[in-house]
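Note that the structure is predicted; figures quoted are calculated from it, not measured.
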Amino acid sequence: MTDFVLGSASPARLQVLRAAGLSPLVRVSAVDEDAVAAALPAGTPPEQVVVALARAKARAVAAALIADRAALIADCVVVGCDSMLLVDGELQGKPLTPELARARWAEMAGRSADLLTGHCVLRLIDGRIVADADDCSCTTVHFADPAPAELDAYIATGEPLRVAGAFTLDGRGGWFVDRIDGDPSSVIGIGLPLLRRLLGDVGVGVAQLWVAAELRRDPTA
């Protein structure tokens, strides 16, 4: 049985995977994202930046799993992701403060931007990384122009402070997205079409993960 380990604290990513039939184990990395990005060579393409961040998260989680011999998982895939919004050539992560969230919305309201999500999949068998695959998905998001009172109310909820690009598709921010061109699950934080391909690259099929999820939920099945 191949277990699925999600290397992310994101409840949105977890919900996407659960809705898609999986029962992930969650292990959160302690990766310093700013330090990883700062260590990349100047001029690194945005797509490579988010992939590097996803890879760092997945490898940190894999290292922790390998080190914990008492809880060693015989066969699993570890998945790390990182999402950032590309606006006018600049990558934007979580704004964290109301002031920065407001500034971000001033830039993107009524416009479009690309949501980039890096994915990294590691296959671990008996405490060794035996295969890996990574790539980036890109979805164009067309933003509405919220009224000042709407934006004030949205920022006051705190939601845009904690998410890449200061918006969500599956939460309150969805009211202010006119449309997208691409994969909606990727905008939420983990792209199922790309993830399916990367899982295949490391020798794991979606159907076998469904079986593993059912066994995790009901060991007698």
Side-chain angles (χ1 to χ4, degrees), residues 1-31 36 47-48 50-84 115-139 163-164 168-170 180 182-221:
M1 183 175 75
T2 303
D3 283 304
F4 188 106
V5 180
L6 175 63
S8 172
S10 166
R13 290 188 179 113
L14 181 59
Q15 180 55 37
V16 167
L17 293 170
R18 284 177 171 167
L22 303 191
S23 183
L25 301 169
V26 175
R27 299 290 186 270
V28 182
S29 75
V31 167
V36 172
E47 295 82 0
Q48 293 182 23
V50 294
V51 168
L53 290 166
R55 187 185 304 117
K57 294 176 183 179
R59 289 197 169 273
V61 170
L65 290 173
I66 292 169
D68 187 0
R69 307 300 297 182
L72 183 65
I73 302 171
D75 184 354
C76 69
V77 288
V78 177
V79 177
C81 296
D82 189 84
S83 297
M84 301 184 81
L115 196 287
L116 305 179
T117 299
H119 298 63
C120 178
V121 177
L122 305 177
R123 178 82 180 271
L124 275 67
I125 296 180
D126 295 331
R128 294 186 305 110
I129 297 175
V130 298
D132 65 273
D134 53 53
D135 205 348
C136 174
S137 61
C138 176
T139 301
V163 290
T168 63
L169 184 63
D170 56 332
I180 66 168
D183 169 27
S185 62
S186 179
V187 178
I188 297 171
I190 186 163
L192 296 180
L194 175 56
L195 180 57
R196 176 176 172 271
R197 177 171 66 78
L198 295 178
L199 287 167
D201 289 344
V202 301
V204 176
V206 169
Q208 71 188 89
L209 293 176
W210 289 339
V211 171
E214 288 299 323
L215 289 173
R216 182 169 296 283
R217 285 188 285 263
D218 181 6
T220 65

*If only atom types and distance count, is the side chain of H119 paired as donor or acceptor with the main-chain N or O of S137 below 3.5 Å?*
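Looks like no, no N/O pair under 3.5 Å.
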*Between R27 (side chain) and V61 (backbone), is there a donor-acceptor pair under 3.5 Å?*
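Not at all, since once roles are kept as given, no pair shorter than 3.5 Å links the two residues.
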May I ask you to test the [X]-[Y] pair for a side-chain heavy-atom distance under 4.5 Å?
X    : Y   : answer
D170 : Q15 : no
L192 : L17 : yes
K57  : V36 : no

Distance-minimising heavy-atom pair for [X] and [Y]:
X    : Y    : value
I180 : P184 : CD1-CA, 3.6 Å
A56  : V31  : O-CG2, 3.5 Å
G118 : A54  : O-CB, 3.4 Å
V78  : A58  : CG1-O, 3.6 Å

*Under the side chain to side chain contact (heavy atoms under 4.5 Å, CB included) rule, collect the residues that match up with D183, sequence neighbours excluded.*
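Only T139, S185, S186, P193 meet the side chain to side chain contact (heavy atoms under 4.5 Å, CB included) criterion with D183.
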*Taking only residues two or more places apart in sequence or in another chain, which ones pass side chain to side chain contact (heavy atoms under 4.5 Å, CB included) with A164?*
S83
_Listed partners of D132 passing salt bridge (charged side-chain N to carboxylate O under 4.0 Å, His left out), at least two apart_ = none
Listed pairs under 3.5 Å, donor-acceptor, residues 198-211 side chains, sequence neighbours left out:
unit_1: Q208; atom_1: OE1; unit_2: G205; atom_2: N; d: 2.9
unit_1: Q208; atom_1: NE2; unit_2: T2; atom_2: OG1; d: 3.4
unit_1: W210; atom_1: NE1; unit_2: A20; atom_2: O; d: 3.0

In Å, rounded to the nearest 0.5 Å, how long is the span from [atom1] of [X] to [atom2] of [Y]?
X    : Y    : atom1 : atom2 : result
T117 : L194 : OG1   : CG    : 9.0 Å
L116 : E47  : CG    : CD    : 5.5 Å
R55  : Q48  : CZ    : CD    : 8.5 Å
C81  : L195 : SG    : CG    : 7.0 Å
L14  : L6   : CG    : CG    : 6.5 Å

*Option among L65, V26, V77 that satisfies the side chain to side chain contact (heavy atoms under 4.5 Å, CB included) test with V5*: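 Only one option passes, and that is L65.
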*Please identify each residue that fulfils side-chain hydrogen bond (donor to acceptor under 3.5 Å, both in side chains) with D135, with sequence neighbours left out.*
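Checked D135 against side-chain hydrogen bond (donor to acceptor under 3.5 Å, both in side chains); matches are R197.
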*asked:* Strictly by salt bridge (Lys or Arg N to Asp or Glu O under 4.0 Å), give each pair with a member in residues 121-130 just once, sequence neighbours left out.
replied: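 Output for this query lists D75-R123.
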*Apply side-chain contact (heavy atoms from CB on, under 4.5 Å) to I73 and L124, showing your working.*
CA-CA 8 Å; I73 302 171; L124 275 67; over 6 Å; no
